[in-house]
Amino acid sequence: DPNGKAYLLDLNNNNQKIPYEKHTKIVYCLSFNSNSDQIASASEDGTVRLWDLHGKPLRDHPLSPESGTVYYVIFIDNDQKLAMGCLNGKIILQDLQSDEKVYCEGHTSAVYCLSFSLEKNLLSSASGDGTARVWNLEGKQEGIFKHESMVYWVSFSPDGKRLATACADGKVYLWHVKSQQKIAEYKHHDGQVFSVGFSYHEPWIATASEDKTVKLRKIENLPELIK
């Protein structure tokens, strides 16, 4: 909603629409915690807010990273922290109890997406500067994955060993996290690719594109490097 509203659909109650109405500009991202009883929202107004499932704010004041538009927010570290990706290229990890902040600095353009690996306790980021990066929770960069176009989305595989990136050049790339080597690239869309995700149980990835399609691709014949 351009006026800053977001909505939760209750699928168990005739798709009742529950409004979230405190933001003043576009809401770019909503994220559930692991128990699905809290929601975090990220907005163009430069704030992140925490909510219950009834649209009630859980804090009197929003979190303000002071880094301009917040494009992405995700719960990390057993829901103890929020990771926020911002317009100015900064990533802020904020402890929800102490409000202590850790900064992940290195990107030179907006951070569009974040992904967290429970298996490896690592955070990955996708940016308009043409890189995806991997960070530990102390803010130290653990890896950089260079592309020839903007990176819109990043996703860890369930085991945390691989990274998938979706890019403005219409391609999807797979990377080995530890070695930082590219292990595959796919071109099966006719436009920019905005999102990519792994199946939790099968060797598939799903991709969404500017060409108005969502596609599934089986991951086959990858190098032994990933094991």
Side-chain angles (χ1 to χ4, degrees), residues 1 4-8 20-129 131-144 151-156 160 163 177 195:
D1 187 311
K5 291 182 181 180
Y7 299 92
L8 177 68
Y20 293 73
E21 301 182 291
K22 290 291 186 180
H23 286 292
T24 58
K25 293 184 178 180
I26 296 172
V27 177
Y28 285 112
C29 179
L30 295 171
S31 178
F32 283 98
N33 67 350
S34 60
N35 292 324
S36 297
D37 59 5
Q38 293 184 20
I39 295 174
S41 58
S43 172
E44 185 183 9
D45 67 13
T47 68
V48 166
R49 291 181 179 270
L50 286 172
W51 314 81
D52 67 15
L53 299 188
H54 305 289
K56 180 181 177 181
L58 295 175
R59 287 184 166 216
D60 293 333
H61 303 286
L63 285 70
S64 299
E66 300 178 355
S67 297
T69 296
V70 187
Y71 283 114
Y72 208 87
V73 62
I74 188 172
F75 287 89
I76 63 170
D77 200 14
N78 296 316
D79 297 335
Q80 297 179 59
K81 300 174 183 176
L82 285 180
M84 299 166 275
C86 302
L87 175 65
N88 67 355
K90 288 185 179 180
I91 301 163
I92 298 97
L93 315 182
Q94 184 162 345
D95 189 290
L96 293 176
Q97 295 299 319
S98 68
D99 282 336
E100 180 182 357
K101 295 178 182 178
V102 172
Y103 293 87
C104 304
E105 297 182 300
H107 283 298
T108 58
S109 186
V111 175
Y112 295 123
C113 179
L114 301 169
S115 178
F116 184 65
S117 171
L118 288 171
E119 288 293 324
K120 302 296 184 181
N121 213 35
L122 293 171
L123 183 74
S124 60
S125 55
S127 172
D129 66 9
T131 69
R133 301 179 190 231
V134 170
W135 315 82
N136 65 29
L137 299 191
E138 286 72 51
K140 180 183 177 182
Q141 183 174 292
E142 299 281 351
I144 183 169
V151 186
Y152 290 123
W153 202 270
V154 63
S155 181
F156 274 111
L163 205 63
V177 174
S195 180

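Using a distance-only test at 3.5 Å, with no hydrogens or angles considered, no donor-acceptor pair links the side chain of Ser43 to the main chain of His23. In this structure, the side chain of Ser127 engages the main chain of Ala110 through a donor-acceptor pair within 3.5 Å. In this structure a side-chain-to-backbone donor-acceptor pair under 3.5 Å is present from Asp95 to Ser98. In this structure, the side chain of Ser124 engages the main chain of Ser115 through a donor-acceptor pair within 3.5 Å.
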>> Apply side-chain contact (heavy atoms from CB on, under 4.5 Å) to residues Tyr28 and Thr69 and explain how you reach the verdict.
In response: CA-CA 9 Å; Tyr28 285 112; Thr69 296; 3.6 Å; yes
>> Run Phe75 and Ile39 through side-chain contact (heavy atoms from CB on, under 4.5 Å) and show every step you take.
In response: CA-CA 9 Å; Phe75 287 89; Ile39 295 174; over 6 Å; no
> Can you check side-chain contact (heavy atoms from CB on, under 4.5 Å) on Leu137 and Val102, steps first, answer last?
Replying inline: CA-CA 8 Å; Leu137 299 191; Val102 172; over 6 Å; no
>> Walk me through whether Cys86 and Val111 qualify under side-chain contact (heavy atoms from CB on, under 4.5 Å).
In response: CA-CA 5 Å; Cys86 302; Val111 175; over 6 Å; no
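Using a 4.0 Å cut-off between a side-chain N of Lys or Arg and a carboxylate O of Asp or Glu, Arg59 and Asp99 qualify as a salt bridge. The residues Asp129 and Arg133 are annotated as salt-bridged, a charged nitrogen and a carboxylate oxygen being separated by less than 4.0 angstrom.
Atom CD of Gln141 is surrounded by more than 12 heavy atoms from other residues, nucleotides or ligands within 6.0 Å. Within a 6.0 Å radius of NZ in Lys101, more than 12 heavy atoms belonging to other residues, nucleotides or ligands are found.
Side-chain contact between Val48 and Ser41 is absent, with no heavy-atom pair separated by less than 4.5 Å. Side chains of Cys29 and Tyr71 form no contact here, defined as non-hydrogen atoms less than 4.5 Å apart. Within the 4.5 Å cutoff, side-chain heavy atoms of Phe32 are placed close to those of Leu8.
Across Cys104 and Gly139, no two heavy atoms sit closer than the pair SG-CA, 3.7 Å. Considering all non-hydrogen atoms of both residues, Phe156 and Leu122 come closest at CE1-O, 3.5 Å. Here the shortest heavy-atom pairing between His107 and Gly89 reads CB-O, 3.3 Å. Here the closest non-hydrogen pair linking Asn136 and Glu138 is OD1-N, 2.9 Å. Considering all non-hydrogen atoms of both residues, Leu82 and Leu50 come closest at CD1-CD2, 4.0 Å. Taking every heavy atom of both residues into account, Leu63 and Met84 meet most closely at CD2-CE, 4.4 Å.
Of the N and O atoms on the side chains of Asp52 and Gln38, not one donor lies less than 3.5 Å from an acceptor on the other residue.
With sequence neighbours left out, the side chain to side chain contact (heavy atoms under 4.5 Å, CB included) criterion links Ala83 to Ile74, Ile76, Leu93, Leu114, Leu123.
Using a 30° and 60° split on the angle between ring planes, Trp51 and Tyr20 fall in the perpendicular class, above 60°. The aromatic rings of Tyr112 and Tyr152 lie tilted to each other, with the angle between the two planes from 30° to 60°.
Taken from CG in Asp77 to CG in Leu96, the straight-line distance is 10.0 Å, to the nearest 0.5 Å. To the nearest 0.5 Å, atoms CZ (Arg49) and OG (Ser64) are separated by 8.0 Å. Separating the OG atom in Ser109 from the CG atom in Leu87 is a distance of 7.5 Å, to the nearest 0.5 Å.
Taking the ring axis of Tyr103 as reference, the NZ or CZ atom of Lys90 stays within 45° of it and closer than 6.0 Å to the ring centre.
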